[in-house]
Structures are given as structure tokens and as C-alpha cells.
Amino acid sequence: MRFDVISIFPDYLAPLELSLIGKAHQEGLLELAVHDLRDFTTDRHRTVDDTPYGGGAGMVMKPEPWAQALETVLNLPARTPGIAEAGNAAEPPVLIVPSPAGEVFHQSIAQELSQEPSLVFACGRYEGIDERVLDWASERFRVRPLSLGDYVLNGGEVAVLAMVEAIARLIPGVVGNPASLVEESHQDGLLEYPVYTKPAVWRGREIPETLLSGHHTRIARFRRDEQLRRTAERRPELLAVMDQEALDRADLEALREAGYEQ
Ligand code: SAM
């Protein structure tokens, strides 16, 4: 899978060279390129912004550098054999435009995007990108405005770091043990159960006894109850949208004990 990120602060994306994503990049499991938007300007000052039509505070990102950058990225050859060129896949590549006015990014979107051969990310700054860029780009890309959450950041880079990490860790081979992806928060609509490691007693606090029983069915039930209790306490809205068929009698009992009213 190939990731292309366009930003006026390419150094902001440097952490993607660290840890599991960096290792996956080095090993050729994914391809990652960060492009400086200012390289696609034509004036001496490498200008990427201008005042907004209609007045108002702040600056808006000019359209032409974005068109030049996106056209260039579309035509880049893939460097790793087997990884799709952005413009040569069967369908147009996905262009992710981070925006607080976008659809909220969550695990099922990460899952869906991890199946794509290539993703392009356009990091906005200032008051955002001239809206016509999205319209122009929709003839070349599948444009997806995505928000990290209901708050405003200074730029798209932090959102891209989070999205690339969430998507790339779902690519087979990036996370060493694939089993560890299965039981995580949001994978089945619930939050993950609490986890513990040695020692069994730490500063007077014991781990739940069931975890020492060696009894797999009881441990699985304990963990499921903890998932339900934690979700009911912290994120009850997730339970409201969960497929009710996925809840058995024991689950409903655990929810009742957690004080969750359906
Ligand atoms: N004026 C814009 C609005 O109110 O929708 C906010 C612009 S923000 C200061 C600058 C850039 O930060 C945006 O273009 C976007 O790339 C990024 N950004 C800010 N908040 C974000 C969020 N919650 N999710 C994703 N990207 C965000």
C-alpha cells in the first residue's frame, strides 16, 4: 500500500519513520512519500495562501499549488514492485482531506481504507484549502473529507499522523501478531477490556482472580463483561448503535448490572 502526504510542513510527518510504521516502510510493506506543497509554487516567495474572497479573518490556501502537487502525485511511479501507482489502479485513488468539517474518522473507516492500494492526504493550514480544489480533484480522485474529531487543529498533519497509523497497522505484517488486532477497542463495537501484567500483586493491588484461573471460558466471559461494563460507563452511545443481535443473554445481564438502560 502506498501513502502520499502533501503538506507545507513535511518535517511534521517525520514520526512516521519511527516504530512499527517506520519498520514496515523500511521493509517495503508500505510505501510512504511526503511532498512539500511549496515545491509546487512558481513565485519567489513560494506563496501558498491568499486573502479570502468575501472578507473575514485568516488566509486560504491557493488552488494552483494544490492542483500541481496532486497531478504530480498521480503520475509518480511506484517505487516498490507490487505497490500500485497512485493513478494506475482500477479505480481513482482516494484523496483524504483532513477537515473538522469532514465525516468523523473511526475504526471502520480505517478498516475500509486499509484495503486501498494507495491513499493521498492533503494537509490544510490557515482557514483551509480553496473549495474548488475539492471539486477539481473529484474528477481525478475519490475525495474523502475526514475529521479526527469535533475540535479544531492548526493543520491537517496531526490528523494525518493519526489516520496513517490507524490504517497502516491493519496492513498484514505491520503489527507482528495479527491476533492482537482482533480484540481491540472498536473492532467489535465495544471498548477493550482492562489488561494486566506481572506482578499479580502490585502496590497492594491484586489482578482480578479469574485471570489466574486458567479457565478459558470463564476468562472470556469476564473480559466480555468488562468490555460491556466499560462501554456502558464511558461510551454508552456505542451500545445504542450496536447490532443488538450480537448481544446474548449473558451480555444483557452484564449490561443490566452495569446500570445500562436500553
Ligand atoms: N476554518 C476551518 C473550519 O472551521 O472548518 C478550520 C481550519 S483549521 C485551522 C486548518 C486545517 O487544520 C484544516 O484545513 C484541516 O486540514 C486541519 N484540521 C483542523 N481540525 C481538524 C480536525 N478536527 N480533523 C482533521 N483535520 C483538521
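All ligand and atom numbering here is 1-based and tracks the order in the structure.
Here Asn154 has backbone heavy atoms under 4.0 Å from ligand 1, and that is the only part of it that gets that close. Residue contacts with ligand 1 for Asp150 are absent, since no atom lies close enough (heavy atoms, distance under 4.0 Å).
The side-chain contact (heavy atoms from CB on, under 4.5 Å) test with Met61 singles out one residue from Leu37, Asp130, Asp50, and that residue is Leu37.
Short contacts between ligand 1 and Ala159, defined as distances under 4.0 Å to a heavy atom of the residue, involve ligand atoms 25 (C), 26 (N). Under a 4.0 Å criterion applied to the non-hydrogen atoms of Tyr126, ligand 1 contributes the atoms 7 (C), 8 (S), 9 (C), 10 (C). Less than 4.0 angstrom separates some heavy atom of Leu146 from each of these atoms of ligand 1: 25 (C). Less than 4.0 angstrom separates some heavy atom of Gly156 from each of these atoms of ligand 1: 12 (O), 16 (O), 17 (C). Heavy-atom proximity to Gly149, at under 4.0 Å, picks out these atoms of ligand 1: 23 (N). Less than 4.0 angstrom separates some heavy atom of Gly128 from each of these atoms of ligand 1: 14 (O). Listed by number with element, the atoms of ligand 1 under 4.0 angstrom from any heavy atom of Gly124 are 11 (C), 14 (O), 16 (O).
Among Arg125, Glu157, Glu127, Met163, the residue whose heavy atom sits closest to atom 1 (N) of ligand 1 is Glu127. The closest heavy-atom contact to atom 16 (O) of ligand 1, among the options Gly56, Pro98, Ala122, comes from Pro98.
Ionic pairing of Glu233 and Arg229 is present here: one or more N-O contacts between side-chain nitrogen and carboxylate oxygen are shorter than 4.0 angstrom. Salt bridge Asp251/Arg221: present, at least one basic N to carboxylate O contact under 4.0 Å. A salt bridge links Arg144 and Glu112; the closest N-O separation between the charged side-chain nitrogens and carboxylate oxygens is under 4.0 Å.
A donor-acceptor pair is defined here as one N or O able to donate and one able to accept, closer than 3.5 Å; no such pair exists between the side chain of Gln227 and the backbone of Glu192. Using a distance-only test at 3.5 Å, with no hydrogens or angles considered, no donor-acceptor pair links the side chain of Thr41 to the main chain of Pro65.
Contact analysis leaves Phe105 out of contact with ligand 1, as no non-hydrogen atom separation drops below 4.0 angstrom. Proximity of Val158 to ligand 1 is not established, as no heavy-atom distance is less than 4.0 Å.
Counted within 6.0 Å of CZ on Arg132, heavy atoms from surrounding residues, nucleotides or ligands total 12 or fewer; the atom is thus considered open. Counted within 6.0 Å of OH on Tyr260, heavy atoms from surrounding residues, nucleotides or ligands total more than 12; the atom is thus considered enclosed. Environment of CG in Asp150: sparse, with no more than 12 heavy atoms of neighbouring residues, nucleotides or ligands closer than 6.0 Å.
Atom 23 (N) of ligand 1 has Tyr151 O, 2.8 Å as its closest protein atom, hydrogens excluded (heavy atom only). Looking only at protein heavy atoms, the nearest one to atom 8 (S) of ligand 1 is Leu153 O, 3.3 Å. For atom 4 (O) of ligand 1, the nearest protein heavy atom (residue, atom name, distance) is Pro100 CG, 4.5 Å. With respect to atom 24 (N) of ligand 1, the closest heavy atom belonging to the protein is Leu148 N, 2.9 Å. For atom 25 (C) of ligand 1, the closest non-hydrogen atom on the protein side is Ser99 N, 3.3 Å.
Looking only at side-chain heavy atoms (C-beta outward), Leu211 and Arg223 come within less than 4.5 Å of each other.
In this structure, the side chain to side chain contact (heavy atoms under 4.5 Å, CB included) partners of Pro194, at least two apart in sequence or on a different chain, are Tyr196, Glu226, Arg230. Every side chain to side chain contact (heavy atoms under 4.5 Å, CB included) that Asp39 has, sequence neighbours left out, goes to Asp36, Arg46.
Taking distance alone, with nitrogen or oxygen atoms compared against 3.5 Å, Val152 stays at or beyond that limit from ligand 1. In terms of N/O distances under 3.5 Å, ligand 1 is not approached by Cys123.
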